[in-house]
Structure formats: C-alpha cells, structure tokens
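Chain naming here is simple, since letters A, B, ... match the order of the sequence lines and numbering starts at 1 in each.
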Protein chains: 2
Amino acid sequence: MQYGTRGFGTYPEVTKGECQENRMKENSEVFSMSESCPIRNVLDRFGDKWSILVLLVLSDEEKMRFNELHKAIGDISQKMLTVTLRTLEADGLVSREVFPEIPPRVEYRLTLLGKSLMPHIHGLVKWAKDNQEVIVSKRKQYA
Amino acid sequence: MQYGTRGFGTYPEVTKGECQENRMKENSEVFSMSESCPIRNVLDRFGDKWSILVLLVLSDEEKMRFNELHKAIGDISQKMLTVTLRTLEADGLVSREVFPEIPPRVEYRLTLLGKSLMPHIHGLVKWAKDNQEVIVSKRKQYA
DNA sequence: CGGAATCCGCGCTGATACTG
DNA sequence: CAGTATCAGCGCGGATTCCG
C-alpha cells in the first residue's frame, strides 16, 4: 500500500506557512494576499472525504432531509454526514432548517453561496467522468 | 479543535461502496457506471494535501525542476512532494523527465491531460478567491 | 541535486451505544 | 427521525537519515 492513495492524517501547524506567497509569475493570480491563501483556506474544505459528494447530492434537489442524504450517499456514517453538514453550514454553503415537530424534521439545502460553487464542481465532475477511464488505465500501467 | 478542520485519517475498505449508484434523478449525470464512480476514483486524488497546489504551480511554467517546485510551494516536505509528483505521474497528469547528468536534473511538466484539467482547477480557485472572505467571516460567526 | 527509506505521532474516521 | 457521545485504530504526513 503506497502513499498517495488518499487522505491526510496528522496536520499540526503546517498551514502556518501562510501559503508562502507562491510567487505566481506573470500568469498572475497572486494567491498570498495578506495572511492566508484561498487554496488552503477554502479548497481544503472539499478535500475531505464527503463534502463534494454531499454538495452534489444536495444540488439535485431543492431540499433534502437528513436521512434522504444518508440514503442517497449510501456509505457514509451518520457521524460523518453530520460533521460534513455542520462544516458546510459553518462555511455558509448549506442551510439547515429544523422543524419543531415530533418526530423531528430537518431540511438541508444549498445556499446561494453554495449554488454559486456548483458550476465549478460540476465542471470538475464532468472532467472526471470524461477522463476516468484513461486515468484508471494509466494508473494500472504505471509500474 | 473541532472536526471538519481538515483531513482524513483511517481509510480502510470504505470505498468498497462502489459509489452506491447515487441514484441521481432527472438532473442526470449518473455517476455509478459499473464498478466505480469518477468522484471517488478521480476527484479523491485532489483531496490530498498538495496535489492541487502542485498542479497550480506547475501550470505557471512550462517545466520545473524538483527544487523549483519545492521552493515555490514552500512548506511541503521533500517526501510529500515526491509522493505527490509520483501520484500525479501515475495518473498521467504530470510527466517526469530524468536527465542523465551529474548532478541529476529532473524536469516536471503538465501533460495534455493535466492541462485539460487546469481550467476547472482555476475556476475553483477563482471562486475561492472571490468568496474566501465571506466564508472566513461566516466561519467565525458560526457558534 | 533529487531522491529513497525508515520511524512514529496525531487526529480523523468508523462503530457502537444512547437520547429527545 | 436526527442526531450526540465516546472510543479505539490506523494511516497520513513530517522529520530524519542515507544514497548515487
């Protein structure tokens, strides 16, 4: 089992590197910007195991209940679904509405901010779909 | 330190869920497709800590040597840079050319496949740049 | 210069049990 | 139904050392 398969693990104080200016040249798009770069601060949020999947599933329906999401994704644990949703909510990408009923009902939906992100996610997914076979085969060839 | 900050950790046999059909509705874009979905198989590769950053840096120059990449990224360890580059190479996104000289010289560059991915990455980065302040502030508000 | 190899700690993840 | 709480384990990532 070589590395690179996935994932993180430890992650102590590494990001203190404040994105290191990244000295992007004329291509510009200077990342640094004061204390923290968007790549580390924002994109890392989708580097977790489930965020993108949750966003994709949510983008298919106007609103979804907790268990709808759970079934739609399938192999996510309750805990991680909760954690992922909370994070997305904290970032303002997903809204959470609790209905004071019994049994409880909670509806999740994308916020406007969340919706504004989706085109880019879908672009990435389309690329992934278009190229996954090539990539998988290359991956096998690779000694 | 609450969860959601980042990262993975253990990751044993989870992906066996073969993307669970994901029953995408009329919005279509059926993911499943036989044995594995592109999201899990391809996008997960960029969920690691460095891949996107390496691709971005590489997209700025036609070719880069190992230590150029190392300096450009700044706070990546040699090991992780090597691992990341090897993975990207295995996936066919980056090419690696070794020059039989002393001292050794190795040049990395994006392949055509890698270049075809960049527009989507840049789209994501632009979104992140445009919205990072909002997100960071929302994150702070969130109790 | 550009790695390879090794060791090891930290914290995310999943499982399980419990609750209003 | 929609969570919360607790816990243990494992694998990622960093640091270090060595090499051609």
Side-chain angles (χ1 to χ4, degrees), chain A residues 1-17 40 44-51 53-54 63-89 94 96-108 143, chain B residues 1-17 40 44-51 53-54 63-89 94 96-108 143:
Chain A
M1 173 69 68
Q2 69 274 35
Y3 282 101
T5 309
R6 313 210 48 277
F8 289 83
T10 176
Y11 190 62
E13 289 300 332
V14 180
T15 315
K16 72 181 174 185
R40 294 296 232 284
D44 276 3
R45 297 305 254 244
F46 316 127
D48 69 4
K49 204 169 154 188
W50 303 109
S51 290
L53 222 39
V54 168
K63 56 178 167 31
M64 289 183 86
R65 302 183 58 175
F66 186 85
N67 272 350
E68 281 188 284
L69 283 163
H70 198 185
K71 289 175 198 162
I73 296 180
D75 57 346
I76 187 176
S77 66
Q78 272 194 350
K79 172 181 167 182
M80 288 319 297
L81 181 52
T82 301
V83 170
T84 303
L85 285 168
R86 289 295 188 283
T87 303
L88 293 173
E89 190 196 359
V94 163
R96 176 173 183 267
E97 189 177 7
V98 183
F99 295 85
E101 306 171 359
I102 293 181
R105 179 162 56 105
V106 181
E107 287 180 357
Y108 295 92
Chain B
M1 173 70 69
Q2 70 274 34
Y3 282 101
T5 308
R6 312 209 53 276
F8 290 84
T10 178
Y11 189 62
E13 290 299 332
V14 180
T15 316
K16 73 182 175 187
R40 296 295 233 284
D44 276 3
R45 299 303 256 244
F46 316 127
D48 69 5
K49 205 169 153 186
W50 304 108
S51 290
L53 222 39
V54 168
K63 55 179 164 42
M64 288 183 86
R65 301 182 60 174
F66 186 86
N67 272 351
E68 281 187 285
L69 283 163
H70 198 186
K71 288 174 198 163
I73 297 181
D75 57 346
I76 187 175
S77 65
Q78 273 193 352
K79 171 182 168 182
M80 288 320 297
L81 180 54
T82 301
V83 170
T84 303
L85 285 169
R86 289 296 187 283
T87 303
L88 293 173
E89 189 194 1
V94 164
R96 177 174 184 266
E97 190 177 7
V98 183
F99 295 86
E101 308 170 0
I102 293 182
R105 178 163 56 105
V106 180
E107 287 180 357
Y108 296 92

| task | Decide side-chain contact (heavy atoms from CB on, under 4.5 Å) for L69(A) and F66(A); before the verdict, give the C-alpha distance in whole Å, the side-chain angles of both, and the deciding distance to 0.1 Å. | result | CA-CA 5 Å; L69(A) 283 163; F66(A) 186 85; 5.8 Å; no
| Side-chain (T84(A)) to main-chain (S51(A)) donor-acceptor, under 3.5 angstrom | no
| said: I need the CG-C1' distance between L85(A) and dT4(D), as an integer number of Å. | reply: 15 Å
| task | Please state how far atom CD in E68(B) lies from atom P in dG2(C), giving the value in whole angstrom units. | result | 8 Å
| query | Starting at CD1 of I102(B) and ending at C1' of dG3(C), how long is that distance when rounded to a whole Å? | reply | 14 Å
| query | Taking the side chain of S77(A) as its heavy atoms from C-beta onward, which of dG14(C), dG3(C), dA2(D) lies nearest to it? | reply | dG14(C)
| task | Answer yes or no: is there a donor N or O on one side and an acceptor on the other, between the side chain of E89(B) and the main chain of R86(B), under 3.5 Å? | result | no
| task | Take atom CD of E107(B) and atom P of dG2(C), then tell me their distance rounded to the nearest Å. | result | 10 Å
| message | Measuring to OP1 and OP2 of dG2(C), would you say a side-chain N or O of R105(B) lies under 4.0 angstrom away? | response | no
| said: Using heavy-atom distances to pick each residue's nearest nucleotide on DNA chain C, tell me which of P104(A) and I76(A) is more 5'. | reply: I76(A)
| field | Donor-acceptor pair, side chain of H70(B) and main chain of I76(B), under 3.5 angstrom | value | yes
| message | Regarding Y108(B), tell me which of base, sugar-phosphate or nothing describes its non-hydrogen contacts under 4.0 Å with the strands shown. | response | sugar-phosphate
| To the nearest angstrom, how far is Q78(A) atom CD from dT13(C) atom P? | 16 Å
| query | What nucleotide, of dG14(C), dG2(C), dA2(D), holds the atom closest to the side chain of N67(A)? | reply | dA2(D)
| remark: Per atom distances to the K49(B) side chain, the nearest of dC1(D), dG14(D), dG2(C) is dG14(D)
| said: Any side-chain N or O of R96(A) below 4.0 angstrom from OP1/OP2 of dA2(D)? | reply: no
| said: Restricting to salt bridge (charged side-chain N to carboxylate O under 4.0 Å, His left out), what partner residues turn up for E97(B), sequence neighbours left out? | reply: none
| request: Find the distance L81(A):CG to dC12(C):P and express it as a whole number of Å. | output: 18 Å
| dG3(C) P sits how many Å from E97(B) CD, rounded? | 13 Å
| request: Tell me which nucleotide among dG3(D), dG3(C), dT13(C) gets nearest to the side chain of M80(A). | output: dT13(C)
| Whole Å only: how far is the CZ atom of R86(B) from the P atom of dG2(C)? | 12 Å
| Presence of K79(A) side-chain N/O under 4.0 Å of dA2(D) phosphate oxygens OP1/OP2 | no
